[in-house]
J.: 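First, the structure itself, so that you have it in front of you.
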Amino acid sequence: MTDKTDYRATLNLPDTPFPMRGDLPKREPGWVKAWEEQGLYKKLRAARCNHEKFVLHDGPPYANGQIHMGHAVNKILKDMIVKSRQLKGMDAAYIPGWDCHGLPIENAIEKKYGRNLPRDEMQAKSRAFATEQIALQMGDFKRLGVLGDWDHPYRTMDFVNEAEEIRAFKRVIERGFVYRGLKPVYWCFDCGSSLAEFEIEYADKKSQTLDVGFLAHEPAKVLSAFGLPADHGADIFAVIWTTTAWTLPANQALNLNPEITFALVETPRGRLIVAESLVGKVLERYKLQGQVLATTPGKALGGLAFRHPLYHVDEGYKRLSPVYLAEYATAEDGTGIVHSSPAYGVEDFNSCVAHGLAYDDILNPVQGNGSYAPELPLFGGMNIWKACPVIIETMDKAGRLFATETITHSYPHCWRHKTPVIYRAAAQWFIRMDEGEGVFTKDKAPQTLRQLALAAIEETQFYPENGKARLRDMIGGRPDWCISRQRSWGVPLPFFLHKDSGELHPRTMEILDIAADMVEAGGIEAWSKASTEEVFAKAGCAGDAPHYTKSSDILEVWFDSGTTHTTVLRHSHEGAAHESGPEADLYLEGHDQHRGWFHSSLLTACAMYGRAPYRGLLTHGFTVDSQGRKMSKSMGNGVDPQETSKKLGAEIIRLWVAASDYSGDIAGDDKILARVVDAYRRIRNTLRFLLANTSDFDPAKDAVSAEEMLEIDRWALSRAAQFQQEVLAHYEVYEFHPVVAKLQVFCSEDLGAFYLDVLKDRLYTTQPKSLARRSAQTALWNITHAMLRWMAPFLSFTAEEAWKLYGSSESIFLEEFWRFGDVDDALLQKWAQVRAAREMVNKEIESLREAGQVGSSLQANVALHVPMASHGELLAALASLGDDLKFVLITSAAAVAPGDDFSIRVAPSTATKCERCWHWRDDVGADPAHPTICGRCVSNLFGAGEDRVFA
């Protein structure tokens, strides 16, 4: 060589086909296609055959409409958990599912084809519609890198699932939990059906309040109850206050608390009965002067009769409203007297029935479409909401209105239509929460459903923990579950009711089996087509057919998804069945599902088996923008997963989800995603460095044993092993954002700012096959293997891309987490002190650089003085490195010695800079044949090579 030699060409510069730019939007679809073509999911199952199972049961999204970012968050979280368990060595099956029955699809079919389709034809069209929607959503989920059994998903509309749901319902009946009853249930006029507690949300509503007087039918008895003599004085009114004027036409009683004191107040409008504590507020509201004539406890008023406010207006209202004593009535507001329309309130209903009102005598003029029955006097045919001002005006003209005003209050709404709902009495099928007799019980549960569910909650692990109290409170206070719906697109309630008595046929349980078999063969359409005669012939009771009516009710959709623990995990997908215990290790959904899928699944499983269908429940928040507003198309603040995948790549969505604390709401917008892109680039660049510097490394031939490795390399492996313990501990409890945060720190601080920084000189300048270089590559090779596995659950595309260059198997997901040796705590402690000293040295060098005295740190010489008494361990750690200390500090010379005080002295080197390694050394040009390079470079190029011991 001559002095014109290009010494750069003699360096072991890194090289890899792994590109710096991920080009994710263009390349990711190729990975998705490759996974599908190579049947990766089947290979994952085969690789973990007979391993310990892990079952995450997929809460089914609804098969309608394009997926949004909330769907993406949910599916990616599930995918990360399943992949991390797969890498743990478990058989982690993932069966994606869809919820297919229900009102939105039925509405879509009715809008397109009208409401007069035959039932089976409407069901067939709904099935076809759901199938199209599932195909679209499935494509989007695959594009996000989610691995699962996409060839065999579960759909609640699959024939076998529909049939198993009927069999599950039969089991709930056998356990004694099902009964039929007339009860007020939530009713949505837009749905045209009853609603479950799960389907209710609260929103503000404007209502017109009104205070209405009920004239005493026998004034003398009222006066006697107040200890007053009979007279022919002013009229006596029991005054009520209500926000639901539409319920007044159906009033049948008055309720008041027996323990509250009531006053009889003389006013210009007559003598008024109100709670004593409310007299002042009432008179002020009525703009009246008044005097209390007497008081009496509420129990003295029980049984007194008052006339309906329109008693004297129309013959149809010529009825009496008796006073019933009821503890639920309070004197917190209003008048202390509650008007009772038993068809439209649970407490009103219970009170009236308890006082002897027969079901057949309950007035229920509100029809399912929200209008009064045509025969209702004065208001027949009117929509109840539009009737409210008319009712108020009628009360006023009748002389019974004392006050009215507009208020805004929290009111139940349908969570689908966002419209107000009412309580409406209807004959429905219920699952009982507390004691009582069910129909056709033959294996009665040992406890009530509420008791079973509350006990099951105590056995369940919650992530985060506060979900436990939320679900427990909901179960503790919920009413009986109304499970019947008056719609068509759903699993039938295969009942036959006697035309006269309304009783179920005695062979109902056999009929349920027949129905399940018919549905399994031909879907719910087969049941819709079947006549009563046909079914009864199969049941061996054909002669009964003329006396029975086939029910047209369906099971509500929450029963569909709520029984997938038995339909999917026990019957239709054997690969997802658990060996023992609860069927699923984990259910994972948004926190709104405490009142939805978590809730219905818990109740059905406890009703059927006496325990929860899950060992753990994980909840995540909603997707919101940077201002905390829920993402919404109408607000235009949403982040579209399809567009983001096209623009930035699905990998960025995955990293964003992984980096977010899902226990709260998950914020995302363009600025947040831009920061995620930066984080991705840093991780990718670190990975590229690792790949590039091990491209000529063959572990079978080149790996160095732990005993031979340089100390800093052994430290790196120990630190990586320690880090992996942290990662796996987080994965064990389904935490991802700490992994992402710590991985970034590990890449930037442990690797980039320290280990890789120190390593570059040895990697680039020593002999290619030297022990020094192979030791470093051995450490890097192990760390790379581990890192690819750490990141694979969330950076799935990138890990797979790198694996194709690095691994020996077909996919990173066929691997298990890397196995390191034991963590050397003493070594970690020693190098923690060395790193701390290095940080202090760097600060001193930076001061010289800012002053213009040195360029790079290699131009500096460092002398450290460390007092033995106070910093003995540090002195020993630095001194043990000997001449290798300069490589750790990345200076051209470094020395450490005991001193009275701790000091760092940095001075510019007076030596010459080596053209090849850039160290400033006195022996540059010592070999006349190579005048521009130092002695160690000469040795590394032409001699035995330099010795490295520690770094």
Side-chain angles (χ1 to χ4, degrees), residues 8 11-28 30-31 34 145 648-652 654-656 658-659 674-699 702 713 716-717 719-720 723-724 727 739-766 768 773-809 811-813 815 818 890:
R8 178 180 171 79
L11 298 173
N12 310 310
L13 294 177
D15 182 38
T16 178
F18 187 76
M20 183 179 295
R21 289 176 55 85
D23 208 9
L24 298 172
K26 292 182 179 179
R27 303 182 68 203
E28 286 172 345
W31 293 112
L648 302 175
E651 197 82 316
I652 301 305
R654 296 183 66 92
L655 184 56
W656 166 63
R675 292 197 292 270
V676 175
V677 170
D678 289 339
Y680 173 78
R681 286 173 180 158
R682 288 193 292 271
I683 295 172
R684 186 179 181 93
N685 286 342
T686 301
L687 181 58
R688 187 170 186 270
F689 181 93
L690 297 173
L691 295 171
N693 281 284
T694 51
S695 59
D696 65 335
F697 180 77
D698 181 353
D702 303 328
D713 299 329
L717 290 181
R719 174 67 188 110
F723 180 72
Q724 178 163 283
V727 168
V739 174
V740 175
K742 291 180 178 181
L743 180 60
Q744 291 184 75
V745 172
F746 182 79
C747 288
S748 62
E749 301 297 328
D750 291 299
L751 296 182
F754 178 62
Y755 181 59
L756 301 183
D757 200 25
V758 171
L759 218 58
K760 287 175 183 175
D761 180 84
R762 181 155 41 108
L763 286 170
Y764 299 169
T765 68
T766 60
R773 187 163 180 268
R774 293 308 192 199
S775 173
Q777 289 182 309
T778 300
L780 295 181
W781 185 82
N782 280 275
I783 292 170
T784 306
H785 268 283
M787 182 173 167
L788 289 175
R789 291 158 171 80
W790 301 335
M791 59 190 277
F794 51 92
L795 292 179
S796 297
F797 292 114
T798 305
E800 189 78 320
E801 177 189 1
W803 185 254
K804 295 300 181 184
L805 303 174
Y806 211 69
S808 55
S809 63
S811 170
I812 183 67
F813 302 109
E815 301 297 312
W818 197 242
I890 313 182

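Just so it is clear, the values below take in all heavy atoms, side chains as well, and ignore hydrogens, waters and symmetry mates.
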J.: Mind checking whether L788 and E815 have side chains closer than 4.5 Å, heavy atoms only?
T.: no
J.: Is L13 close to R8 at the side-chain level, that is, under 4.5 Å between some pair of heavy atoms?
T.: yes
J.: Which heavy atom of A692 sits nearest a heavy atom of P14, and at what distance?
T.: CB-CB, 3.4 Å
J.: Relative to each other, are the rings of H785 and W818 parallel, tilted or perpendicular (30° and 60° limits)?
T.: parallel
J.: May I have the step-by-step check of side chain to side chain contact (heavy atoms under 4.5 Å, CB included) for R789 and W803, ending in yes or no?
T.: CA-CA 10 Å; R789 291 158 171 80; W803 185 254; 3.7 Å; yes
J.: Could you measure the distance from the CG atom of D702 to the CG atom of D696? Nearest 0.5 Å is fine.
T.: 7.5 Å
J.: So, does E800 use its side chain to make a donor-acceptor pair with the main chain of I812 at under 3.5 Å?
T.: yes
J.: So how far is it from L691 CG to E801 CD, rounded to the nearest 0.5 Å?
T.: 9.0 Å
J.: Give a yes or no answer on whether the side chain of W31 reaches the backbone of T798 with a donor-acceptor pair at less than 3.5 Å.
T.: no
J.: Do F723 and M787 have side chains that approach each other closer than 4.5 Å (heavy atoms only, starting at C-beta)?
T.: no
J.: Over all heavy atoms of both residues, which pair between N12 and T766 is shortest? Give the atoms and the distance, please.
T.: ND2-O, 2.7 Å
J.: Does any N or O in the side chain of R654 come within less than 3.5 Å of the main-chain N or O of F794, such that one atom is a donor and the other an acceptor?
T.: yes
J.: If you round to the nearest 0.5 Å, how far is CG of L743 from CG of D750?
T.: 10.5 Å
J.: Looking at every non-hydrogen atom in both residues, tell me the closest pair between I652 and L648 and how far apart they are.
T.: CG1-O, 3.5 Å
J.: Looking at S775 and D713, what are the two nearest heavy atoms and their distance?
T.: OG-OD2, 2.5 Å
J.: Hey, could you give me the CG/CG distance between N693 and L780, rounded to the nearest 0.5 Å?
T.: 6.5 Å
J.: Nearest 0.5 Å, please: how far is CG in D698 from OG1 in T694?
T.: 11.5 Å
J.: Considering non-hydrogen atoms only, spot the tightest contact between N685 and M20 and give its length.
T.: OD1-CG, 3.7 Å
J.: Just by distance, no angles: are the side chains of S748 and R682 close enough, under 3.5 Å, to form a donor-acceptor pair?
T.: no
J.: Check for a donor-acceptor pair, side chain of E28 on one end and backbone N or O of A650 on the other, with a separation under 3.5 Å.
T.: yes
J.: Check whether any side-chain N or O of T16 sits under 3.5 Å from a backbone N or O of R688 as a donor-acceptor pair, and report yes or no.
T.: no
J.: Counting C-beta onward and ignoring hydrogens, is there a side-chain heavy-atom pair between L655 and V740 closer than 4.5 Å?
T.: yes
J.: Heavy atoms, side chains only, cut-off 4.5 Å: are N782 and T778 in contact?
T.: yes
J.: Return yes if some donor-acceptor pair links the side-chain N/O of Q777 with the main-chain N/O of F697 below 3.5 Å, else return no.
T.: no
J.: Work out which heavy atom in F797 is nearest to a heavy atom in G145; give both atom names and the distance.
T.: CZ-CA, 3.5 Å
J.: Per the side-chain contact (heavy atoms from CB on, under 4.5 Å) rule, which among L751, I683, V739, T686 passes with F746?
T.: L751
J.: How many angstroms lie between atom CH2 of W790 and atom CD1 of I783, to the nearest 0.5 angstrom?
T.: 7.0 Å
J.: Considering only NZ, NE, NH1 and NH2 on the basic side and carboxylate oxygens on the acidic side, decide whether D678 and R675 come within less than 4.0 Å.
T.: no
J.: Relative to the ring of W781, is the ring of Y806 parallel (under 30°), tilted (30 to 60°) or perpendicular (over 60°)?
T.: tilted
J.: Under the 3.5 angstrom rule, does the side chain of R684 hit a backbone N or O of P19 as a donor-acceptor pair?
T.: yes
